[in-house]
Amino acid sequence: MSFSTISVIGLGYIGLPTAAAFASRQKHVVGVDISSRAVDTINRGEIHIVEPELGSVVKAAVEGGFLRATTQPEEADAFLIAVPTPFKGEHEPDMKYVQAAAESIAPVLRKGNLVILESTSPVGSTEQMAQWLAALRPDLSFPQQAGDDADINIAYCPERVLPGQVMVELIKNDRVVGGMTAVCSARASELYYIFLEGECVVTNARTAEMCKLTENSFRDVNIAFANELSLICADQEINVWELIRLANRHPRVNILQPGPGVGGHCIAVDPWFIVAQNPQQARLIRTAREVNDYKPHWVLDRVKATVADCLAASGKRASELKIACFGLAFKPNIDDLRESPAMEITHQIAQWNSGETLVVEPNIHQLPESLASHCKLIAIDEALAQADVLVMLVDHAPFKAIEASAVQQTWIVDTKGVWR
Ligand code: SAJ
């Protein structure tokens, strides 16, 4: 049975691009979101998130009549669930949005439907979702009951796109497809091949769930290694960026880059899902999280020590001192400030600093509310002209383009090796 109507539940950073990708292949897509603001924005052909190329694809899809958003699920041939899975309490995954999404589609499910979970989820979540659905629809059969003959097919297919490159990676990246049965995997692959140029690599649901967590944990552990090196090198008075560049000349060494910490909504969260399920075994993964979470505190201590040195050398009063923070985003060349270590550090500096805190962030026009009353958003050249202490937090392209001769300050904390 082919897919003529596809419903995407959750129209955020993953759901909306996915909905737009299907619609761009002339499929009728019904996007569902609990936010009526997001729904209204999309139905106007506009977007509520920032992602290159997404705006034009959504506009064309809405104007062409292929994409429509609503707050209430409707009947469809396939349902993709792409809602957030944050953590709660002691870093345990919070599945309430997945459960709510499953409960919301249960009444409109019909025989022959395919349901795919895309949200990053702990191992066993797809089976759990299938049980929630089965409990609400005893009139239908599910894979855990009827195997390949089930009325409803269910699969776990994680997204793995990089923010800032979503519209390219969504189409080009290979896709891990974890069906609850072989038929579920085959149907899920058929669905993704509507837009996918990469390959669907088939496995079972549990392996697919673990695969997503593994990818982001791998990156977190490797960034933690770089961040730990940066602490050791600071103590040993070695330039960590030079060290990594040299070590990476070895044919089997490829160290990532240190920074102010790990931000974003995935890499700093997903490893905890493994730790929550396997606390005894996941020692390295937990420690990597702790190393990366500690880094912003270490940077703040470096800023305080540098400011103390600057005050002692200049004879200025603390209230006369200007600190300029370069970058707020969670990584270079984007405007996304959520879960950003640079934001956290800037906020802490502004709270502590009795002088002026200047902020340079070329990707935004206005400071977020949490900083607005304590900081001033200014241009690169103004900050370089005014500030006593410079704090480099994000290696945005315009910062890397600053001529060395334009930086006259002696007191610098550079978390990204831009002013090495
Ligand atoms: N970072 C470093 N040093 C590095 C690389 C990154 O400190 O060498 C920092 C960044 O500055 C940022 C954080 O890590 O604060 C995460 O950035 P990222 O570019 O590594 O990853 P995300 O969070 O934008 O996207 C990741 C990707 N996962 C992997 O590369 C394994 C993406 O493919 C996933 O789809 C995404 O998580 C997700 O949604 O799970």
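Sequential numbering from 1 along the given sequence is applied to the chain's residues. Each ligand, and each atom within it, is numbered from 1 in the order the structure gives.
- Residue Val161 touches ligand 1 through its backbone alone, judged by heavy-atom distances below 4.0 Å.
- In the vicinity of Leu162, heavy-atom distances shorter than 4.0 Å reach the ligand 1 atoms 19 (O), 21 (O), 24 (O), 25 (O), 27 (C), 32 (C).
- Under the side-chain hydrogen bond (donor to acceptor under 3.5 Å, both in side chains) criterion, Gln131 pairs with no residue, sequence neighbours left out.
- Atom CD1 of Ile255 is separated from atom CG of Leu229 by 5.5 Å, given to the nearest 0.5 angstrom.
- Given atom 1 (N) of ligand 1, the protein heavy atom at minimum distance is Ile223 CD1, 3.5 Å.
- For ligand 1, the polar-atom distance check finds an N/O of Phe330 within less than 3.5 Å of one of the ligand's N/O atoms.
- Residues meeting the side-chain hydrogen bond (donor to acceptor under 3.5 Å, both in side chains) test with Glu159, sequence neighbours left out: Lys212.
- The N/O atoms of Arg219, backbone and side chain alike, include one that comes under 3.5 Å of an N/O atom in ligand 1.
- Looking only at protein heavy atoms, the nearest one to atom 21 (O) of ligand 1 is Ile267 CD1, 3.6 Å.
- Below 30°, between 30° and 60°, or above 60°: for Tyr13 and His265 the angle between ring planes is between 30° and 60°, a tilted geometry.
- For atom 16 (C) of ligand 1, the choice among Gly263, Ala329, Gly259, Ala224 with the nearest heavy atom turns out to be Gly263.
- Counting protein heavy atoms only, atom 28 (N) of ligand 1 is closest to Asn216 OD1, 2.8 Å.
- Atoms of ligand 1 lying under 4.0 Å from any heavy atom of Glu215, numbered from 1 in the order shown and given with element: 31 (C).
- Residue contact annotation: Lys212 has a non-hydrogen atom under 4.0 Å from ligand 1.
- In this structure, Glu118 contributes its side chain and Ile81 its backbone to no donor-acceptor pair below 3.5 Å.
- The nearest protein atom to atom 19 (O) of ligand 1, hydrogens excluded, is given as Lys331 NZ, 3.0 Å; this is a heavy-atom distance.
- For atom 8 (O) of ligand 1, the nearest protein heavy atom (residue, atom name, distance) is Gln257 N, 3.0 Å.
- Under the salt bridge (Lys or Arg N to Asp or Glu O under 4.0 Å) test applied with Asp220, the options Arg286, Arg289, Lys295 reduce to a single match, Arg289.
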Please lay out, stage by stage, how Arg302 and Lys304 fare under the test side-chain contact (heavy atoms from CB on, under 4.5 Å). CA-CA 5 Å; Arg302 297 281 290 192; Lys304 288 181 179 175; over 6 Å; no
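- A donor-acceptor pair under 3.5 Å links the side-chain atoms of Asp77 to the main chain of Ser4, judged by distance alone.
- Below 3.5 Å of separation, one finds an N or O of Arg160 facing an N or O of ligand 1.
- Ligand 1 places these atoms under 4.0 Å from at least one heavy atom of Cys266: 36 (C), 37 (O), 38 (C), 39 (O), 40 (O).
- Between the CE atom in Met392 and the CD1 atom in Ile412 there is a gap of 8.5 Å [rounded to 0.5 Å].
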